[in-house]
There are 2 protein chains.
Amino acid sequence: MPRRIDAEARTAEIAEASLRVLERDGLAGLSVRGVAAEAGIAAASLRRSFATQHALREYCLQLIEDRVTARISALELTGRALVDGLLLQLLPLDKERRLELVAQVQLGVLSLTDNRLRPPAIRLSEGVDRACHAAVQILIEAGLFNEQRDPGYEAQRLRALLDGIAMRGLWSGELPASSHMPGLLTRHLDSLANP
Amino acid sequence: MPRRIDAEARTAEIAEASLRVLERDGLAGLSVRGVAAEAGIAAASLRRSFATQHALREYCLQLIEDRVTARISALELTGRALVDGLLLQLLPLDKERRLELVAQVQLGVLSLTDNRLRPPAIRLSEGVDRACHAAVQILIEAGLFNEQRDPGYEAQRLRALLDGIAMRGLWSGELPASSHMPGLLTRHLDSLANP
DNA sequence: TCTTTATTAGTACGAGTGTACTCACAAAGT
DNA sequence: ACTTTGTGAGTACACTCGTACTAATAAAGA
């Protein structure tokens, strides 16, 4: 009887349009009317998928997490190459990853003053934490991690370094100048094997 | 003839009220009426100091930079203690520093989509860069920097690490849990002397 | 074909926004 | 005492916002 059964596809489209709006216009542009226009649908249709603006913002964070984890899961690598690939998924090295990171930071900053947004923001952050700990574990198993080092500390330091490099890449304009970001990261990963 | 010649004092009060609003209510709260209420003055009086909302936001970034540099200049330390004190001024270790960092991130994120805000944001970022390079230089002069290391690379890595630790401190709620932030930093600084 | 449903466009409301005024008051310098 | 000036409170305009409706349209299943 119904007209269509899209549901999920529709919400995904809307959320992806939201990410584009977040990168182009920032938080101020993430309005019901603005996102609907970007998605090419009517505002009333958007409110059928997301009854409230908060639900939309929440789903955006969820979508970012899903997309990143999907990309990481798709990596068919091992050892050091896997560690590189894994961590590079969290840096704004191309348009897609920059889009996600900008949106993530915008919503993350909003979560500082909107407590309802903190749970999904924390979930996302914990995911990155797990990735860093996993990276250290992979290095250990590959014999690329000096045994004198403290795995827990190195995972934390790696997390901070990763965030810092990502931020640096964000502020410093576009993608070209940020091509030396991976260098900083890989050089750090190299150093974990030595002393 | 005039009534008072405050000028600077007034603008400083307003900007400090703005920082408080930014931490409490976020970017959405940084409105003319909202800041005026926080500062305890009339909206019309605020617009005498800041003709436009953009000027207010711009001055906030400037004020943050001034406050941080003032605190750093006031440090009467040398060697490693100076490096520690210098870098700790950029972490959200107390209410004042957290206030500044939250405001800085809020406006920094806004500068991603408001190009007029980029110059002051970039200035602030470059100041942090200089601090990191200075920190490395101080370590070298104090003999706490292994000569096999690359000063330029270590300055960049320090910068990223500092930003990452600061971000971590921001997201993870309040100040208590972030007391292990300095540990991460000092441990890294220690390691610069060795291998 | 008929019925059911999703989508659309449009409108409406109350609130908040930046910006721009006016007018009365209070304080300081001459 | 008088004049100049900053301040305060208030008002206004045009806009956007989230949210909530309506009525009309289009498409799919029965």
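Letters A, B, ... are given to chains in the order of the sequence lines, protein chains preceding strands, and every chain is numbered from 1.
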Below 4.0 Å: OP1/OP2 of [N] and any side-chain N or O of [X]:
X: A/Arg47; N: D/dA20; value: yes
X: B/Thr52; N: C/dT19; value: yes
X: B/Arg10; N: D/dG8; value: yes

Atom [atom1] of [X] to atom [atom2] of [N]: distance rounded to whole Å?
X: B/Ile41; N: C/dA26; atom1: CD1; atom2: C1'; answer: 17 Å
X: B/Arg57; N: C/dG18; atom1: CZ; atom2: C1'; answer: 10 Å
X: B/Leu46; N: D/dG10; atom1: CG; atom2: C1'; answer: 16 Å
X: B/Gln53; N: D/dC15; atom1: CD; atom2: C1'; answer: 14 Å
X: B/Leu27; N: C/dT17; atom1: CG; atom2: P; answer: 13 Å
X: B/Glu13; N: D/dG6; atom1: CD; atom2: C1'; answer: 14 Å
X: B/Asp25; N: C/dG16; atom1: CG; atom2: P; answer: 13 Å

- Task: Let me know, please, whether B/Ala44 or A/Ala43 comes out on the 5' side of the other along DNA chain C by nearest nucleotide.
- Result: A/Ala43
- Message: Which is more 5' along DNA chain C, the nucleotide nearest B/Gly34 or the one nearest A/Arg48? Just name the residue.
- Response: A/Arg48
- At under 4.0 Å between heavy atoms, what does B/Ser31 touch on the DNA or RNA strands: base, sugar-phosphate, or nothing?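 Here B/Ser31 touches the backbone only, sparing every base.
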- Message: So, applying side chain to side chain contact (heavy atoms under 4.5 Å, CB included) with B/Pro92, which one of B/Ile165, B/Val102, B/Leu101 is it?
- Response: B/Leu101
- Query: What closest approach, in Å, do A/Thr113 and B/Gly26 show between heavy atoms, and which atom pair accounts for it?
  - Reply: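 Taking A/Thr113 first and B/Gly26 second, the nearest heavy atoms are CG2-N, 3.3 Å.
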Protein-nucleotides 12-15 of chain C N/O pairs closer than 3.5 Å?
{"unit_1": "C/dA12", "atom_1": "N6", "unit_2": "A/Arg33", "atom_2": "NH2", "d": "3.4"}

- Here the salt bridge (charged side-chain N to carboxylate O under 4.0 Å, His left out) pairs for residues 101-111 of chain B, sequence neighbours left out, are none
- Query: What pairs of residues pass the salt bridge (charged side-chain N to carboxylate O under 4.0 Å, His left out) test when at least one of them lies in residues 77-91 of chain A, not counting sequence neighbours?
  - Reply: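 The answer is A/Arg80-A/Asp84, A/Arg80-A/Asp190.
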[X]: partners by side-chain hydrogen bond (donor to acceptor under 3.5 Å, both in side chains), with sequence neighbours left out:
X: B/Gln104; value: none
X: A/Ser31; value: none
X: A/Gln62; value: A/Asp66
X: A/Gln156; value: none

- Message: Just to verify, what does B/Ile72 make a side chain to side chain contact (heavy atoms under 4.5 Å, CB included) with, not counting sequence neighbours?
- Response: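 For B/Ile72 the side chain to side chain contact (heavy atoms under 4.5 Å, CB included) partners, ignoring immediate neighbours, are B/Val68, B/Leu86, B/Gln89.
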- Item | Sequence-distant partners of A/Ser18, side chain to side chain contact (heavy atoms under 4.5 Å, CB included), two or more places apart | A/Ile14, A/Leu30, A/Val35, A/Leu56, A/Cys60
- End-to-end axis angle, where each axis spans five pairs of the helix from C/dT1-D/dA30 to C/dA24-D/dT7, to 10°: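 Taking five pairs per end, the axes differ by 10°.
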- Tell me the side-chain hydrogen bond (donor to acceptor under 3.5 Å, both in side chains) pairs involving residues 47-60 of chain B, sequence neighbours left out? none
- Okay, side chain of A/Arg159, backbone of A/Cys132: is any donor-acceptor separation there less than 3.5 Å? no
- Name every residue in residues 103-115 of chain B that has at least one heavy atom under 4.0 Å from any atom of DNA chain D, in order of residue number, or write none if there are no such residues. none
